[in-house]
Amino acid sequence: MSTNESTRAFPKGFLWGVATASYQIEGAVNEAGRVPSIWDTFSHTPGKVFNGDTGDIACDNYHRYSEDIQQISDLGAHSYRLSLSWPRIMTETGQVNQAGLDHYKRLIDELLERGIDPAVTLYHWDLPQWIEDDGGWLNRDTVGYYTQYVETVFRHLNDTVPKFITQNEPWCASMLGYGLGHHAPGLRDWRKAYRAAHHLLLSHGEAVKLYRAMGGKGQIGITLNLTHVYPGSSSEADVAAARRQDIFLNRWFLDPLTKGSYPSEYFERLRPFVGPLDFIRDEDMESISTEFDFLGVNFYNPAHVVDDPEDNSLTGVKQVSTGRERTAMGWEIEPEGLYDLLKRLQDCTDKPLYITENGAAFEDVVVDGRVADTERIAYLHGHIAALQRFVAEGGNLKGYYVWSLLDNFEWAFGYSKRFGLIYVDFETQQRIRKDSFTWFGQLVAGNGLPAMARSIE
Ligand code: IFM
């Protein structure tokens, strides 16, 4: 190996993977005892999802999981991050649906047979509708419903799953779902958003405690979507604005998990929107901060903000553009944001970090059976180069998952945004490997950035 190549290599054992989530890929919403989720309700409500798209069929992965596992195996990925569909596993009466559990047992066994480690997310937003009807994440009892569900999962899958992730992006589930209304259940009330956020965090803590009590054999952690926030200038007002935005996006979740407290400097600002934080009980904080084994980080882009005195909303900030290129989601591409975020996280936790999602949507087109997605390759290359720098400096990063294996149901954007390494024709369910699939496969094989992309740097 030349010096050039060795400096590009990641440590031996670094985990390379791909990620998906149940509602985004499975389809088969009425099969084998699955009950409706809040995303079935939301996506079937006119005006909520672009084009009226739903997850009814999605990538039909429920039926095609073997084919998709074959793809992961051909890619050479070491790990597959998938989520379990809670409404496949617990029926409306709170009883276990054996057919739902069996589906995941088969899927996980097949992964293991092919030498692929499953990383199982327990909640990626598809709350059973029967729980929503009882108040959803606003109701403290949902924490109990959740522990009942994860207890069932641990009992059946403890021996075969090396990594559990309790919650995916509780910021999105609470703030987008209950505060801004962009996601299911579609409410717009900050008090509800913060209440839901607290119960989501509490459910994480209770699940970690339960896992330990049940003799969990692998590791358990949580995944947060974290956005490094830069002030738009060095003025006091903009620095303070960046700090507020950082609390809103990051610290409201990081602090309770790693310090056992919410950022109190934000309480005053929250009060007119949220009222008393009386849904937080003292004993909750100990539970939420139960020691986890790893922190999952989903990163897509950082934010640049300035103070906006005209803005009377929660944070009073305005996002500013830096003129960088954007993905099809409109997100500016800035890999340094990932490096800076990870550096900062080293001050929050000494636990291993995993990038549990990173990737980009672009306007992919199939030409003569090929998808030449050079922009996605450049995006991935830039972010993995940032990781390499972090790791070379001794950063405690153990793995990286591309979002996503397949083009899939991108929530309120329906099927209009394609994040996959594999193109999915949603009419025929044909899968076409994009150029980024080949590129990522080479990266995994070489445990470092492949030569073909070096010119992109
Ligand atoms: O598709 C989502 C995923 O479900 C959660 N993290 C962000 C992705 C891209 O928006």
Side-chain angles (χ1 to χ4, degrees), residues 17-27 37-40 42-43 48-51 53-55 58-59 61 80-86 119-127 165-177 180 182-185 197 200 204 221-228 249-250 253 295-303 326-334 337-338 341 354-364 373 375-376 379-380 383 400-424 426 436:
V18 282
T20 63
S22 48
Y23 188 72
Q24 294 181 271
I25 64 164
E26 284 182 352
S37 79
I38 54 174
W39 269 96
D40 296 289
F42 190 75
S43 64
K48 297 293 185 194
V49 174
F50 176 79
N51 199 32
D53 290 342
T54 72
C59 307
N61 170 270
Y80 175 42
R81 175 178 175 230
L82 68 146
S83 79
L84 307 186
S85 163
W86 185 349
V120 169
T121 308
L122 292 159
Y123 184 69
H124 198 127
W125 309 348
D126 42 359
L127 185 73
I165 295 169
T166 54
Q167 289 286 351
N168 178 71
E169 303 184 352
W171 183 89
C172 292
S174 55
M175 303 299 160
L176 296 181
L180 293 164
H182 301 324
H183 280 190
L200 282 154
H204 153 81
I222 184 168
T223 280
L224 302 179
N225 55 306
L226 297 172
T227 308
H228 197 69
L249 294 174
N250 305 313
F253 296 84
L295 178 64
V297 176
N298 292 355
F299 179 87
Y300 291 88
N301 59 327
R326 292 171 186 265
T327 70
M329 297 295 283
W331 300 339
E332 286 190 355
I333 303 170
E334 191 178 352
L338 176 56
L341 172 70
Y354 285 84
I355 303 300
T356 39
E357 284 181 27
N358 175 239
F362 288 105
E363 308 292 341
D364 298 321
D373 57 337
E375 291 166 301
R376 181 170 294 100
Y379 178 98
L380 295 174
H383 286 80
Y400 172 90
Y401 292 81
V402 177
W403 183 270
S404 178
L405 172 67
L406 302 164
D407 291 341
N408 58 50
F409 177 80
E410 177 53 25
W411 308 113
F413 295 91
Y415 297 100
S416 67
K417 304 292 176 202
R418 295 180 175 272
F419 276 89
L421 295 179
I422 297 176
Y423 183 96
V424 178
F426 293 105
S436 57

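Keep in mind that this is a model prediction, so the values were computed, not measured. Both ligands and their constituent atoms are indexed starting at 1 by order of listing. Just so it is clear, the values below take in all heavy atoms, side chains as well, and ignore hydrogens, waters and symmetry mates.
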Describe, in one word, how the ring planes of Trp39 and Tyr23 are oriented to each other, choosing from parallel (under 30°), tilted (30 to 60°) and perpendicular (over 60°).
tilted

Quick one: sort the Trp411 and Trp125 rings into parallel, tilted or perpendicular, breaks at 30° and 60°.
tilted

Checking the side chain of Asn408 only, and the main-chain atoms of Leu406 only, is there a donor and an acceptor separated by less than 3.5 Å?
yes

List for me each residue that meets salt bridge (Lys or Arg N to Asp or Glu O under 4.0 Å) alongside Glu375, sequence neighbours excluded, and say none if there are none.
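With sequence neighbours excluded, Glu375 shows a salt bridge (Lys or Arg N to Asp or Glu O under 4.0 Å) to no residue whatsoever.
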
Test salt bridge (Lys or Arg N to Asp or Glu O under 4.0 Å) applied to Arg376 - qualifying residues, sequence neighbours left out:
Asp364, Asp373

For ligand 1, find each of its N or O atoms that sits under 3.5 Å from a protein N or O atom, and tabulate the pairs with distances to one decimal place.
| residue | atom | partner | partner atom | Å |
| --- | --- | --- | --- | --- |
| ligand 1 | 1 (O) | Gln24 | NE2 | 2.9 |
| ligand 1 | 1 (O) | Trp403 | NE1 | 3.3 |
| ligand 1 | 1 (O) | Glu410 | OE1 | 2.6 |
| ligand 1 | 4 (O) | Gln24 | OE1 | 2.7 |
| ligand 1 | 4 (O) | His124 | NE2 | 2.8 |
| ligand 1 | 4 (O) | Trp411 | NE1 | 2.8 |
| ligand 1 | 6 (N) | Glu169 | OE1 | 3.3 |
| ligand 1 | 6 (N) | Glu169 | OE2 | 2.7 |
| ligand 1 | 6 (N) | Glu357 | OE1 | 2.5 |
| ligand 1 | 10 (O) | Glu410 | OE2 | 2.6 |

Applying side-chain hydrogen bond (donor to acceptor under 3.5 Å, both in side chains), name anything that partners Asn168, two or more places apart in sequence or on another chain.
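For Asn168 the side-chain hydrogen bond (donor to acceptor under 3.5 Å, both in side chains) partners, ignoring immediate neighbours, are Arg81, His124, Asn298.
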
